[in-house]
Amino acid sequence: MTGPTMNEDYALLGDLHSAALVHRAGSIDWLCLPRFDSPACFAALLSDESAGHWTVAPVSGGAAASRRYRGDTLVLESEWRTPEGTVCISDCMPPRGDAADVVRVVEGLSGRVRMRSTLRLRMDYGHIVPWVRRTDGGIEAVAGPDAAWLDTPVELHGRDMSTVAEFDVAAGERVPFVLTYQLSHLPRPDRIDAAEALRRTEDFWTGWIGDCRYDGRWSEAVRRSLITLKALTYAPTGGILAAATTSLPEELGGSRNWDYRFCWLRDATFTLQALLGTGYVQEARAWREWLVRAIAGDPDKLQIMYGLDGRRRIPETELPWLPGYRDSSPVRVGNAAADQLQLDVWGEVLDGLHLAREAGMESSDTAWDVQRALLDFLEGNWAEPDNGLWEMRGPRRHFVHSKVMAWAGVDRAVHTVEEHGLDGPVDQWRRLRERMHTEICRNGFDAERGTFTQFYGSQGLDASLLLLPRVGFLPWSDERIRGTVAAVERALLDGGFVMRYDPEADGGVDGLPGAEGAFLACSFWYADALAGTGQSERAQAMFERLLALRNDVGLLSEEYDTRLGCQLGNTPQAFSMVGLINTARQLTGSHTATSASRRQQRLHG
């Protein structure tokens with residue numbers, strides 16, 4: 001490969017249990033097995049080739065001349081054009097059966113091309129070299145709990161602690177490779193046929209995307225985002241990851257490197273809106289059920305994130321043997337932010353469960369009992385300072401967005417009783433809702449500057465303030481909202497995209513060194529805000545600029561560095577893809593209105 005690796009260089013494969021990142025030079029540089037959150041067996045993404053990779057490419061090297069997904073699927077096709085001929089590699093991870101498989105098929109299109117496969121398995125995030133032995137048709141690798149098999153018709157040999165094959169492929173010829181993983185104490189899984197696996201993978205994704213109900217102006221981008229969102233879903237539980245990776249930095253060379261291979265409660269409402277609004281009721285129901293299971297128990301112990309299966313303990317540790325993506329250290333696994341107090345999460349969960357109920361998804365007494373318990377907690381704690389939705393590692397503050405989301409949780413409870421007839425102390429909740437609204441407007445709004453602020457008394461702003469009308473706190477027509485949109489535009493736009501907040505405002509609110517890129521989800525919220533305040537042409541122009549940031553296969557990371565012109569942060573990022581879906585729906589008039597937004601429309605015309 002030439003030049004430094006960038007997030008844009010990677011395409012995604014997935015089987016609804018785990019995911020692989022494939023570099024445009026033909027190298028799989030990231031793969032965790034058997035689950036998204038398992039230790040990586042290919043970790044070159046956070047180091048170099050010594051940490052594990054699997055490269056299949058022409059011996060002459062270089063990046064693929066072009067690549068694409070095969071239609072609306074997760075079958076990746078990468079094409080090299082060399083002086084000797086043209087070759088295409090088709091990669092996929094077929095939907096999980098008894099074991100995890102990665103399938104790579106080399107096909108000659110013209111001429112005769114010399115190819116090389118280099119497999120360097122390194123278990124435990126590049127830390128462990130497995131024991132390898134030959135088998136009939138390939139090799140077997142074992143290290144502790146992990147076992148893997150590589151099957152191929154070409155001859156394999158060992159070189160520099162790797163398994164290498166060199167072979168020629170002529171026009172019309174196909175050479176398959178299948179890497180299979182299984183826990184080492186279990187029997188070897190049955191071999192699969194590579195060509196059949198490609199067909200089965202294509203059929204699965206084509207069938208799944210066929211249920212998409214969005215047919216607006218940006219159909220291609222929405223379908224690709226939905227496929228990516230589905231690929232980040234852990235099928236056994238319905239949980240949806242924030243991203244497929246850990247420790248991709250928010251600033252190159254910096255320390256803002258976090259593990260995102262977990263499920264954030266905050267994403268619930270946004271994700272439910274995207275899924276329900278495009279026809280994916282089954283996925284929305286699975287996500288809602290994961291949500292209810294994860295939060296069941298003591299509401300005092302509610303966490304902002306959980307493991308794929310709803311587990312609570314996500315201890316954060318560092319891996320000192322990995323230098324990090326482009327020397328951005330430390331590399332972290334686990335996430336200590338799971339222990340933070342973020343009051344907005346209670347509101348997001350209540351809002352999400354209310355949205356599901358309004359969409360006609362059957363509910364249960366247990367779900368309402370859980371909501372009542374969350375409301376009891378909010379009533380006693382909404383006035384406390386917290387760490388905010390951006391997981392500030394500085395002192396707790398009275399963040400305005402947190403207060404507004406607490407208000408939204410109470411508001412949804414009132415309307416659940418009023419509109420769905422469930423039992424609850426509605427008069428008490430009405431009084432609490434009014435008291436909260438009054439305090440937020442009094443302490444969270446700076447009349448001199450004409451804007452809501454990041455926290456009570458803050459001189460800084462926060463892109464999350466753009467969400468106040470979305471949850472029905474105030475209508476888009478309110479001058480306080482219009483002033484806030486204008487203030488965010490003045491203070492947080494960076495190269496035309498939106499920062500989450502200014503890290504240096506108020507003496508450094510997040511308690512961390514360094515800076516970060518523009519946050520892509522916030523930039524989608526800004527497009528929504530422009531549309532909400534009647535600036536439809538600017539909103540569409542902003543959305544088109546965001547679409548142009550996608551890489552060649554339609555993926556977005558968490559952030560964008562406007563100076564370097566590259567994506568930053570973990571990738572692909574569910575929050576960014578969800579933002580794309582919801583903004584596309586809003587701009588084409590196909591968004592799903594919540595009861596709160598409908599009430600605002602009725603009250604304010």
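Just so you know, these numbers come straight off a predicted model, no measurement behind them.
Residues passing the side chain to side chain contact (heavy atoms under 4.5 Å, CB included) test with S255, sequence neighbours excluded: P330, P513.
Using a distance-only test at 3.5 Å, with no hydrogens or angles considered, a donor-acceptor pair links the side chain of Y325 to the main chain of T5. Judged purely by atom type and a 3.5 angstrom limit, T180 has no side-chain atom pairing as donor or acceptor with the backbone of D101. Side chain of R326 to backbone of P4: no donor-acceptor contact under 3.5 angstrom is found. Looking at Q567, its side chain does come within 3.5 Å of a backbone N or O of L555 through a donor-acceptor pair. No donor-acceptor pair closer than 3.5 Å links the side chain of Y181 to the backbone N or O of A99. Y69 contributes a side-chain N or O that, together with a main-chain N or O of L12, makes up a donor-acceptor pair within less than 3.5 Å.
Within a 6.0 Å radius of CG in D193, other residues, nucleotides and ligands contribute more than 12 heavy atoms. Other residues, nucleotides and ligands place no more than 12 heavy atoms under 6.0 Å from the CD atom of Q282.
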- Item | Derivation of the salt bridge (Lys or Arg N to Asp or Glu O under 4.0 Å) call for R256 and E251 | CA-CA 7 Å; R256 296 169 182 257; E251 178 187 30; 5.2 Å; no
- Query: Run the side-chain contact (heavy atoms from CB on, under 4.5 Å) check on Y10 and L248 step by step: do they pass?
  - Reply: CA-CA 13 Å; Y10 288 101; L248 296 191; over 6 Å; no
- Please assess R174 against E107 for the test salt bridge (Lys or Arg N to Asp or Glu O under 4.0 Å), listing each intermediate value before the final yes or no. CA-CA 4 Å; R174 291 180 175 85; E107 180 181 3; 3.0 Å; yes
- Task: Could you walk me through whether F575 and W264 pass side-chain contact (heavy atoms from CB on, under 4.5 Å), step by step?
- Result: CA-CA 10 Å; F575 216 21; W264 266 253; over 6 Å; no
- Candidate pair W80 and I89, rule side-chain contact (heavy atoms from CB on, under 4.5 Å), full reasoning: CA-CA 9 Å; W80 279 262; I89 299 178; 3.6 Å; yes
- Message: Between W218 and E544, is the side-chain contact (heavy atoms from CB on, under 4.5 Å) condition met? List the steps.
- Response: CA-CA 10 Å; W218 296 286; E544 292 286 357; 2.9 Å; yes
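Between F36 and H17, the gap from one ring centroid to the other reaches at least 6.0 Å.
Results of the side-chain contact (heavy atoms from CB on, under 4.5 Å) test with T246 over L319, D259, D37 single out D259 as the only residue that passes.
Contact check on E202 versus R199 returns no salt bridge, with no Lys/Arg side-chain nitrogen under 4.0 Å from an Asp/Glu carboxylate oxygen. Taking 4.0 Å as the cut-off between side-chain N and carboxylate O, R188 and D151 count as a salt-bridged pair. Residues E84 and R114 are not paired through a salt bridge, judged by the lack of any N-O separation under 4.0 Å between the basic side chain and the carboxylate. Salt-bridge formation is detected for the pair E77/R68: a Lys NZ or Arg NE/NH1/NH2 atom is positioned less than 4.0 Å from an Asp or Glu carboxylate oxygen.
Ring pair F270/W525 is parallel by interplanar angle, where below 30° counts as parallel and above 60° as perpendicular. Using a 30° and 60° split on the angle between ring planes, W390 and F519 fall in the perpendicular class, above 60°.
Proximity of M6 to L564: side-chain heavy atoms (C-beta onward) are nowhere separated by under 4.5 Å.
Nearest heavy-atom pair across L308 and W290 is O-NE1, 3.1 Å.
Listed by first and then second residue, the salt bridge (charged side-chain N to carboxylate O under 4.0 Å, His left out) pairs involving residues 558-584 are D494-R563 (not counting sequence neighbours).
A cation-pi arrangement, defined by a distance under 6.0 Å to the six-membered ring centre and an angle within 45 degrees of its axis, is absent between R585 and Y214.
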